[in-house]
Amino acid sequence: MTENASEGTKHLPMSDENIYIEQRQKKAEEIRKKGGSPYPQNIRPTHTAGEILAECGNLKGPELEKLQKTFAVAGRLLFLRSFGKAAFLKVADYTGKIQIYIEKQIVGEEQFELFKSLDVGDFVWVSGTLFRTKTDELTIKATQIKLAAKSIRPLPEKWHGLQDIETRYRQRYVDLIVTPEVRETFVKRSKALQIIREFFCARNYLEVETPMMHPIPGGAAAKPFVTHHNKLDMQLYLRIAPELYLKRLVVGGLERVFEVGRNFRNEGISTQHNPEFTMLEFYQAYATYEDLMKLTEELLGELAMRITGETAVEYQGEKIQFKAPFARYTMHEAVKKFAKTDAETDPAKLSPVKLVEIFEEKVESQLIQPTFITQFPTEVSPLARKNDAHPEFADRFELFICGREIANGFNELNDPKDQAERFKAQVEALHKGNEEAMHFDEDYVRALEVGLPPTAGEGIGIDRLVMLLTNSASIRDVILFPQLKTKEGS
RNA sequence: GAGGCGCUAGCUCAGCUGGUAGAGCAUUUCCCUUUUAAGGAAAGGGUCCCGGGUUCGAGCCCCGGGCGCCUCACCA
């Protein structure tokens with residue numbers, strides 16, 4: 001704490017005080033006056049709500065009575081219905097909720113008084129035996145109850161919960177308490193990451209971590225965040241992609257690597273974009289982009305199956321089929337098929353840049369089911385290997401689902417001379433004012449000179465993938481703390 | 001960056017043509033020993049996002065600003 005801590009604790013800002021907070025603070029003070037603590041230690045549950053349900057969820061009333069076993073749970077008090085000398089409570093821990101029944105005659109005067117000072121939102125510890133209520137709900141009949149941690153602020157209303165989207169993002173801790181779907185979404189996100197790690201580890205990939213602070217931003221076309229290291233007195237960029245570092249590792253003999261981590265791009269914010277987002281990148285020596293397309297089909301199929309229980313996933317009213325094989329078109333074919341072309345926009349006659357332009361404008365939004373688009377112009381693929389037969393195109397693909405780019409992969413350019421030329425072209429574009437063009441990375445070219453085996457690599461946007469798997473309309477719904485502007489006074 | 005919409009009690013929301021600021025939940029007090037949005041009785045609770053303006057009078061109209069959401073543009 002700062003030296004001013006004692007000064008700061010004298011009183012809370014008046015604007016933040018309301019009757020609810022005052023009342024609860026008063027209760028906490030009462031406990032202190034009596035020699036107790038509103039924030040005690042050594043609160044030990046014997047069971048979680050989930051364990052109790054698993055162990056006794058099938059037992060009937062008489063069987064529960066015979067059990068003669070005491071269960072102690074701890075969790076947040078989320079519901080309270082009092083009848084004067086008895087009450088029902090619902091306590092939630094990380095596994096679920098369990099109902100508590102408390103009766104003055106059973107717990108005694110002192111414990112019942114303690115119970116009456118509890119508020120919804122408090123953490124509590126309860127022990128007792130199990131029984132079933134008239135409506136057959138598995139319930140703990142409390143014999144002992146303790147306050148485990150006092151909550152000073154009231155929670156949102158039980159029925160409607162927290163509706164204000166801004167507050168949900170700013171106070172995600174409250175959102176997580178009162179909006180069960182939010183919790184489910186982030187459990188699924190965690191599970192997806194776990195599956196991804198298992199998937200690559202099972203294929204002998206090594207998980208690695210490369211720098212997030214780059215002296216030269218590289219690996220993607222994007223505007224970086226700039227920062228500064230004081231002692232080194234050098235400008236650094238938050239990484240826009242880990243690509244160039246991961247390929248250095250393949251040069252170093254780590255033939256199969258993957259990294260899951262944050263990228264930072266200093267661009268607009270939308271339902272599809274957060275300034276920091278999570279990217280999976282993986283590289284495999286002696287693989288081709290075609291191998292990676294197959295691998296991607298496998299990965300996505302497995303994710304869909306293990307997260308949603310089926311390969312067809314409902315997303316915003318569309319049924320997305322994650323079963324292999326996914327549709328495949330070259331960019332030419334896709335423009336021909338999905339964009340209305342005339343003599344002027346005949347793909348065969350278009351400049352590469354124009355082709356990509358039409359593709360992005362007319363075709364992308366139509367690619368709802370998982371679709372691989374291959375053969376991107378070399379000009380827009382400065383790190384990808386040229387196709388041997390048609391050097392104006394790169395051996396590259398992107399995967400589109402619901403009109404959004406989900407993955408991008410290609411055969412890696414491992415010819416140092418070619419790479420140096422491509423960097424030069426990028427630097428020229430940079431000088432011409434293209435803020436997203438790449439810088440010349442001499443050390444990366446040196447690494448290629450040491451020798452990169454034939455390699456294919458791919459990046460998958462994890463946030464967008466999780467959006468699909470959790471039927472989330474906005475990227476903010478799959479990021480725990482999405483970037484928001486700070487509000488005055490907060 | 002542009003346009004549209006929103007911001008009223010702790011929460012969810014009403015608030016008409018400009019005329020004393022409303023409800024439900026929650027809170028406080030009282031009654032209530034099996035509830036499932038429990039029930040009954042009463043009470044308290046407001047910087048109507050902020051700042052100007054118009055008006056006898058503004059939550060409402062006008063101007064400026066803040067924050068958010070959506071669409072578009074840039075991007076993954």
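- Distance, I140(A) CD1 to U34(B) C1': 16 Å, rounded to whole Å.
- Side-chain N/O atoms of Q23(A) and base N/O atoms of U27(B) include no donor-acceptor pair closer than 3.5 Å.
- Among the heavy atoms of the strands lying under 4.0 Å from Q163(A) are primed sugar atoms or P, OP1, OP2 only; no base atom is included.
- With both pairing distances under 3.5 Å, U28(B) is matched to A42(B) as a Watson-Crick or G-U wobble pair.
- Between the side chains of N263(A) and E276(A), no donor N or O sits under 3.5 Å from an acceptor N or O.
- Among the heavy atoms of the strands, none lies under 4.0 Å from N408(A).
- Atom CD1 of I100(A) is separated from atom C1' of U36(B) by 15 Å (rounded to the nearest Å).
- Counting to the nearest Å, the P atom of G68(B) and the CD1 atom of I269(A) are 8 Å from each other.
- The side chain of Y101(A) sits closest to U33(B) out of U33(B), C69(B), U28(B).
- Within the structure, a side-chain polar atom (N or O) of R476(A) is placed less than 4.0 Å from OP1 or OP2 of C69(B).
- Of the candidate nucleotides U36(B), U71(B), C67(B), C67(B) has the atom lying nearest to any side-chain atom of K485(A).
- At the heavy-atom level, A220(A) lies nowhere under 4.0 Å from the strands shown.
- Within the shown strands, nothing qualifies as a pairing partner of U54(B) under the Watson-Crick or G-U definition with both distances less than 3.5 Å.
- Considering only side-chain N and O atoms, R170(A) lies nowhere under 4.0 angstrom from the phosphate OP1 or OP2 of C69(B).
- Look at CG on D164(A): it is 10 Å from C1' on C69(B), rounded to the nearest Å.
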Walk me through it: do E458(A) and N408(A) pass the test side chain to side chain donor-acceptor pair (under 3.5 Å)?
CA-CA 6 Å; E458(A) 179 175 345; N408(A) 175 20; over 6 Å; no
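- Atom CD of Q105(A) is separated from atom P of C32(B) by 14 Å (rounded to the nearest Å).
- In this pair, F326(A) and F322(A) present their aromatic rings perpendicular. The plane angle is above 60°, beyond the 30 to 60° band.
- For U35(B), its base sits under 3.5 Å from the side chain of T133(A) at one donor and acceptor pair at least.
- Atom NZ in K104(A) sits about 10 Å away from atom P in C32(B), given to the nearest Å.
- As a whole-Å value, the separation of E166(A) CD from C5(B) P is 19 Å.
- Contact annotation: K158(A) does not reach the phosphate of C11(B) (side-chain N/O to OP1 or OP2, under 4.0 Å).
- Between I31(A) atom CD1 and L114(A) atom CG the span is 7.0 Å, to the nearest 0.5 Å.
- Using Watson-Crick or G-U wobble geometry with both donor-acceptor distances under 3.5 Å, U34(B) finds no partner in any strand shown.
- Ring planes of F423(A) and F440(A): tilted class, angle from 30 to 60°.
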